[in-house]
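Worksheet for the structure shown next.
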Amino acid sequence: MDLKVKIGNQILPNPVGVASGTFGYGEEYGELIDLSKLGAIYTKAVTVLPREGNRLPRLTETPNGMINSIGLANSGVEGFLKNKVPFLNTIKSCKNIVNVAGSTEDEYVKVVEMIDHVESVWGYEINISCPNVKCGGLAFGTDPIQVERLTRVIKSKTKKPVIMKLTPNVTDITTVATACEIGGADAVSCINTVMGMKIDIHKKQPAIYQKTGGLSGPAIKPVGVAAVYRVSKKITIPVVGLGGIMNAEDAIEYFLAGASAIQVGTANFINPNAPLDILDGIKDYMKENNLNKISDFHGFID
Ligand code: DOR
């Protein structure tokens with residue numbers, strides 16, 4: 001069985017990654033699970049300058065998922081280089097993919113330029129889809145013309161794989177995905193969180209300070225599967241699927257919909273071993289169904 005996944009001119013050892021914002025930069029989870037068995041770690045977003053993020057409360061649970069309005073809290077690109085890269089340098093086999101966020105084209109470019117020399121950084125996931133900050137890239141993610149330009153500029157600055165992370169909060173996600181492909185992206189990942197809101201009826205107030213936030217978890221899985229299905233029909237570059245993957249069955253749905261790789265997000269908060277359990281379940285399913293490689297999942301559903 002061959003679990004490898006080709007993205008651009010590089011190879012992921014297996015298709016299971018952990019989603020940005022749910023795994024930090026790997027350090028804490030490294031004490032709980034064997035990181036070397038993962039296909040990829042997509043880091044928490046890195047911006048040019050440090051960000052404290054939004055006011056608390058910025059996280060709430062619903063019966064079917066979580067709503068966050070973190071606001072891209074991170075220690076900035078210099079903090080990343082100084083404090084996070086030394087640990088990333090120790091990770092073997094699993095690939096480190098840095099999630100990059102910005103509010104202008106120049107900010108995205110600066111982060112990529114400052115990180116690109118780091119050998120243990122395998123590639124980038126360009127976050128054009130954060131729902132929680134004004135001018136936080138979402139303006140890019142909803143405008144195909146800007147998406148194409150940003151993709152092209154970033155591709156001109158690095159030889160490493162560039163994965164564009166798409167928002168579901170648009171009228172037609174396939175148009176944005178097409179713009180990524182035209183701009184030269186090596187892959188797209190979809191979906192980022194879905195705009196959501198929870199109201200405390202006793203306090204008559206929203207549960208989080210920012211009022212609305214990004215919904216993740218089981219509630220959004222059908223939205224993610226549909227997005228992956230529609231996007232992978234429209235473009236030829238690989239699609240990385242995420243949104244509500246809690247177990248191997250969920251991951252398999254994404255592969256059947258057209259995903260070449262997947263990311264586990266909210267499930268990490270419940271069970272740190274979830275991504276490795278999911279990887280085992282994928283292997284079992286492939287064995288039982290005589291599938292030898294991930295692309296064998298594609299083509300069942302037209
Ligand atoms: O739901 C999200 N929250 N998506 C992002 O891309 C960023 C994150 C945050 O920091 O707010």
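All ligand and atom numbering here is 1-based and tracks the order in the structure. Computed from a predicted structure; not experimentally measured.
- A donor-acceptor pair shorter than 3.5 Å cannot be found between the side chains of Asp200 and Gln205.
- Counting all heavy atoms, side chain and backbone alike, Ser189 lies closest to Gln263 at CB-NE2, 3.9 Å.
- For the residue pair Thr62 and Asn64, no side-chain donor N or O sits within less than 3.5 Å of a side-chain acceptor on the partner.
- The environment of CD in Gln10 is crowded: more than 12 heavy-atom neighbours from other residues, nucleotides or ligands sit within 6.0 Å.
- At distances below 3.5 Å, at least one donor-acceptor pair connects side-chain atoms of Asn96 with backbone N or O atoms of Ser120.
- Considering every non-hydrogen atom in both Thr22 and Phe269, the closest pair reads CA-CZ, 3.7 Å.
- Contact shell of ligand 1 (protein heavy atoms, cutoff 4.0 Å): Lys44, Asn68, Ile70, Gly71, Leu72, Asn127, Cys130, Pro131, Asn132, Asn192, Thr193.
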